[in-house]
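A quick write-up on the structure given underneath.
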2 protein chains.
Amino acid sequence: MNSFTEENYLKAIYKLIEKSGSSVSTNAIAEKICTKAASVTDMLKKLSDKKLINYQKYQGVTLTSKGEKVALSVIRKHRLWEMFLLEKLDFKWDEVHDVAEQLEHINSDKLIEQIDKFLNYPKFDPHGDPIPDANGKIQVQKSKSIAHFIKNDVIVMTGVVDHSPAFLQYLDNTGLALGDEIKIKEVVFFDRSLQIIINKKSTIFISNDVAKNILAIKK
Amino acid sequence: MNSFTEENYLKAIYKLIEKSGSSVSTNAIAEKICTKAASVTDMLKKLSDKKLINYQKYQGVTLTSKGEKVALSVIRKHRLWEMFLLEKLDFKWDEVHDVAEQLEHINSDKLIEQIDKFLNYPKFDPHGDPIPDANGKIQVQKSKSIAHFIKNDVIVMTGVVDHSPAFLQYLDNTGLALGDEIKIKEVVFFDRSLQIIINKKSTIFISNDVAKNILAIKK
DNA sequence: AAATAAATTTAGGGTAGTCTAAAAACTATT
DNA sequence: AATAGTTTTTAGACTACCCTAAATTTATTT
């Protein structure tokens, strides 16, 4: 079994590789985990000994398939717990992360399979991120930031880029939620801000900064 | 905040005091936690420094009100999670303990209050043990082992003494569950075994050893 | 190709929790 | 009250994880 800490390292490495598409550096991991590079080096040796990562001094790391499996299982648990908190326990969008961060390390296959069943096998979490299945398979969703759509496009909100409580609260306040239909009514040429219609009802204005952080697909 | 380990020590001390009614010894704690006396002594110093226990070398320990509060909060979480697993996630009676042992250390007031609400504020857990409320208050239930009842008593099963998977599985197999009505049909004089009728339907025989481990109250 | 800068690793040490073995303090017996 | 037995504590050491500071390797600049 892997420790709480090992699981967090593997998850961080997975996410960094996912974002960059290549092997990740010691410093990048240190920043992600909020620790120091020296501590990371220690852990990389340990994870390498356990055959969870491919690591050669000074060369950056990638995950072995064994390591990737662990990372995906942690991510699966995290996202299912987020979903559970939101749907069943009336948590707010921005409250789920910290608790899920703890729950993701609970070790029980039966528990997580039952939670999955209880939620009726969701494929995406409350942020629009895909939930790996029990075998680590991920369903992809080819959504783009809404800053890339043009006037009169009708789209469906599928996720967010920025996961910070501040941003999520902002969305809550504007009434924007996953699954909403969005029509691009106007694109302001000079600052690329948008005028959008949510669910054929309310019309709001959002800045390009916000638009870049909202994901959607063509309807 | 208290560590996972500190919480486990406080919980163990609470349970030992509850059972014995007096202060507990280093050795008793060591046995309960499955560790060595020397490790216990170390931890007792630490808990004493944090004003969670009353401890004088060689004199045994009791909980301070601060320590008792922590212990009760852990027990509350444990029993609510057991209830949740059993009622909402189709866990068996004997499967819940190990997972609840992990979940009891999750730190989130909102989470446990919502679980409590989700379960509709139960007062007793699946083993018939009382669930402390958010303030640590416990509702007592003056039940006795069914070995103490006599012929023709009609009683309701409220709990168990032995919490081992083996015993719980045995009960499952015989069809005995919390809340069942039990009528004492016969008490065999020579070995004090019982013939009982469950819910006015099935008649079964149980040994005195088993009877001593089943709790019930007069109907 | 040196020299400098940046990233990474090593060295040495700290805390939390564990252990074994030995010393000290209680308890019970005579 | 002294001895024997048991319990508890101390001493010293181990693992997991973290740190700072120094050394080493790689990358960049001239």
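Chain naming here is simple, since letters A, B, ... match the order of the sequence lines and numbering starts at 1 in each.
Ranking C/dT9, D/dC19, D/dT8 by closeness to the B/Ser25 side chain, first place goes to D/dT8. Side-chain proximity of A/Thr5 to the nucleotides C/dC26, D/dC18, D/dA21 is greatest for D/dC18.
Between A/Ile13 and A/Ile17 the shortest side-chain heavy-atom distance falls below 4.5 Å. The side-chain heavy atoms of B/Leu85 and B/Asp90, taken from C-beta on, include no pair separated by under 4.5 Å.
At the phosphate of C/dC19, OP1 or OP2 sits under 4.0 Å from a side-chain N or O atom of B/Thr35. Between B/Ser39 and C/dC19, a side-chain N or O to OP1/OP2 separation shorter than 4.0 Å is present. One finds a side-chain N or O of B/Thr26 lying less than 4.0 angstrom from the OP1 or OP2 phosphate oxygen of D/dT9. OP1 or OP2 of C/dT8 has not a single side-chain nitrogen or oxygen of A/Tyr55 nearer than 4.0 Å. Close to C/dT18, at under 4.0 Å from its OP1 or OP2, lies a side-chain N or O of B/Tyr9. Between B/Lys45 and D/dT10 there is a side-chain polar atom (N or O) within less than 4.0 angstrom of OP1 or OP2. Within the structure, every side-chain polar atom (N or O) of A/Asn27 is placed at least 4.0 Å from both OP1 and OP2 of C/dA6.
Counting to the nearest Å, the C1' atom of D/dT8 and the CD atom of B/Glu31 are 16 Å from each other. The distance from atom CG of B/Asp42 to atom C1' of D/dG12 is 12 Å, rounded to the nearest whole Å. The NZ atom of B/Lys36 sits 17 Å away from the C1' atom of D/dT10 (whole-angstrom rounding). Whole-Å rounding puts the B/Lys57 NZ to C/dC26 P distance at 9 Å. In this structure, B/Asp49 atom CG and C/dA16 atom P are separated by 11 Å, rounded to whole Å. The distance from atom CD1 of B/Ile33 to atom P of C/dT18 is 8 Å, rounded to the nearest whole Å. Rounded to whole Å, atom C1' of C/dT8 lies 14 Å from atom CD of A/Gln56. For the pair B/Leu44 CG and D/dT9 P, the interatomic distance rounds to 7 Å; values are reported in whole Å.
Each of B/Tyr58 and A/Glu6 has a nearest nucleotide on DNA chain D; the 5'-most of these lies closest to B/Tyr58.
Using a cut-off of 4.0 Å between Lys/Arg side-chain N and Asp/Glu carboxylate O, A/Glu6 and A/Lys50 are scored as salt-bridged.
In this structure a side-chain-to-backbone donor-acceptor pair under 3.5 Å is present from B/Thr64 to B/Lys51.
Between A/His163 and A/His127, the two ring planes are tilted [angle within 30° to 60°].
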